[in-house]
Asker: 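The structure that follows is given in the form of structure tokens.
Quick caveat, the model's predicted, so the values are computed rather than measured. Proteins get letters first, then strands, A, B, ... in listed order; numbering begins at 1 in each.
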There are 2 protein chains.
Amino acid sequence: MARAATTSDAFNAVAEPRRREILDHLASGEHSVNDLVIRLRLEQPSVSKHLRVLRDVGLVRVRRHGRQMFYQANAEGIRPLHEWTKTFERLWAHQLTRVKERAEQKAKDSSEG
Amino acid sequence: MARAATTSDAFNAVAEPRRREILDHLASGEHSVNDLVIRLRLEQPSVSKHLRVLRDVGLVRVRRHGRQMFYQANAEGIRPLHEWTKTFERLWAHQLTRVKERAEQKAKDSSEG
DNA sequence: TTGACATATTCCTATATGGGAATATATTTA
DNA sequence: TAAATATATTCCCATATAGGAATATGTCAA
């Protein structure tokens with residue numbers, strides 16, 4: 001079996017750095033495809049293809065205005081990722097505490113030694 | 001160019017559902033490979049291979065005890081994902097507000113009409 | 001040392017890319 | 001209708017899987 005399709009869910013869709021860049025730009029509001037092409041310095045077909053993936057997994061919405069297509073982020077689609085990563089929040093708090101404690105103990109030992 | 005390697009960063013690593021399952025289990029503490037094999041009902045080589053990817057991107061740490069290898073989650077590695085998704089938090093708050101407002105307006109309209 | 005146990009790696013294959021190039025589709029304007 | 005503009009899709013290819021099967025490596029027990 002090959003890797004899951006990028007369109008299988010939001011996790012797979014945002015694994016691609018360019019798509020995260022696109023979403024970062026759309027976080028500031030609606031943008032046309034050409035806006036993204038210019039700002040991200042990517043080829044137009046590339047941007048369109050990435051937007052297609054983001055659309056398929058529900059991470060962006062589109063609106064047509066004349067010849068232009070205006071895309072906006074659908075943040076609700078990112079929420080599951082946020083919720084999942086959040087379940088590890090307590091862990092990194094604890095683990096950092098332990099790292100800090102070890103560092104302090106070490107400093108104490110060396111000042112005493 | 002093909003898709004980025006699963007070992008290129010945490011985003012790519014956790015795009016695979018099995019790897020998220022593994023991390024979910026490791027969130028509760030250290031587990032041996034066989035523990036994971038039994039709990040997740042996956043083939044042992046499959047678990048080892050997923051753990052290898054997680055290790056390469058720094059999402060888990062290993063400790064040997066006799067013949068067994070005990071893995072634990074390194075939550076720090078998940079933090080960048082949490083931070084990135086967090087930048088969209090204000091958006092889904094706003095967007096939900098708008099959805100709610102529209103729903104209320106619609107309800108009002110229909111009760112008046 | 002030999003066998004058993006625990007885990008890791010290699011080999012194989014079907015599949016899904018992401019980018020580049022070319023082309024198709026949709027809409028406005030002359 | 002034809003030309004121009006904006007965006008989307010298709011075709012091609014090198015590359016990276018994920019899982020299954022087989023095998024290798026490492027460690028303990030007799």
Asker: Using a heavy-atom distance cut-off of less than 4.0 Å, which residues of residues 64-71 of chain A contact DNA chain D?
Answerer: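 Per residue number, the list reads A/Arg67, A/Gln68, A/Met69, A/Tyr71.
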Asker: Residues in side-chain contact (heavy atoms from CB on, under 4.5 Å) with B/Ser48, at least two apart?
Answerer: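 With neighbours one apart ignored, the set is B/Val33, B/Gln44.
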Asker: Would you name the heavy atoms of B/Trp92 and A/Ile78 that are closest together and state the gap between them?
Answerer: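 So the two residues come closest at CZ3-C, 4.3 Å.
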Asker: I'd like to know if B/Arg79 and B/Glu76 make a salt bridge, using a cut-off of under 4.0 Å between side-chain N and carboxylate O.
Answerer: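 Looking at B/Glu76 together with B/Arg79, the answer is yes, because their closest N to O distance falls below 4.0 Å.
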Asker: Short of 4.0 Å, heavy atom to strand atom, which residues of residues 48-61 of chain A count as contacting DNA chain D?
Answerer: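 Nucleic-acid contacts, sorted: A/Ser48, A/Lys49, A/Arg52.
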Asker: Is the shortest side-chain heavy-atom distance between B/Leu81 and A/Leu81 below 4.5 Å?
Answerer: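 Side-chain contact under 4.5 Å: no.
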Asker: Check for a donor-acceptor pair, side chain of A/Asn12 on one end and backbone N or O of B/Ala15 on the other, with a separation under 3.5 Å.
Answerer: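 Yes; judged by distance alone, with no hydrogens or angles, the pair exists.
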Asker: Between A/Met1 and A/Asn34, which is nearer to the 5' end of DNA chain D once each is assigned its nearest nucleotide?
Answerer: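 Going by which nucleotide is closer to the 5' end, it is A/Asn34.
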Asker: Can you classify the ring geometry of B/Phe11 versus B/Trp84 as parallel (below 30°), tilted (30 to 60°) or perpendicular (above 60°)?
Answerer: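 B/Phe11 vs B/Trp84 ring planes: perpendicular.
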Asker: For DNA chain D, which residues of residues 36-47 of chain A approach it to below 4.0 angstrom with any heavy atom?
Answerer: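 Listed by number, they are A/Gln44, A/Pro45.
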Asker: Taking all heavy atoms of B/Leu23 and all of B/Ala73, pick out the closest pair and write down the distance.
Answerer: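 In this case the closest contact between B/Leu23 and B/Ala73 is CD2-CB, 4.5 Å.
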Asker: List in numerical order all residues of residues 16-30 of chain B for which some heavy atom is under 4.0 Å away from an atom belonging to DNA chain D.
Answerer: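 B/Glu16, B/Arg18, B/Arg19, in order of number.
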Asker: Is it true that a side-chain atom of A/Arg64 and a backbone atom of A/Gly66 form a donor plus acceptor pair closer than 3.5 Å?
Answerer: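 Side chain of A/Arg64 to backbone of A/Gly66: a pair is present.
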Asker: May I ask you to decide if A/Asn74's main-chain N or O and A/Arg61's side chain share a donor-acceptor pair within less than 3.5 Å?
Answerer: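 No, the answer is negative, given that no donor and acceptor are paired below the 3.5 Å cut-off.
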Asker: Judged by atom type as modelled, is there a donor-acceptor pair below 3.5 Å linking the side chain of A/Arg19 to the main-chain atoms of A/His50?
Answerer: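 Checking the backbone N and O of A/His50 against the side chain of A/Arg19, no donor-acceptor pair under 3.5 Å is found.
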Asker: Partners of A/Tyr71 by ring pair (Phe, Tyr, Trp, His ring centres under 6.0 Å), sequence neighbours excluded?
Answerer: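 A/Tyr71 satisfies ring pair (Phe, Tyr, Trp, His ring centres under 6.0 Å) with no residue once adjacent residues are dropped.
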Asker: State plainly whether the residues B/Arg52 and B/Asp56 are in salt-bridge range, i.e. N to O under 4.0 Å.
Answerer: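 Salt bridge flag = yes for B/Asp56 with B/Arg52.
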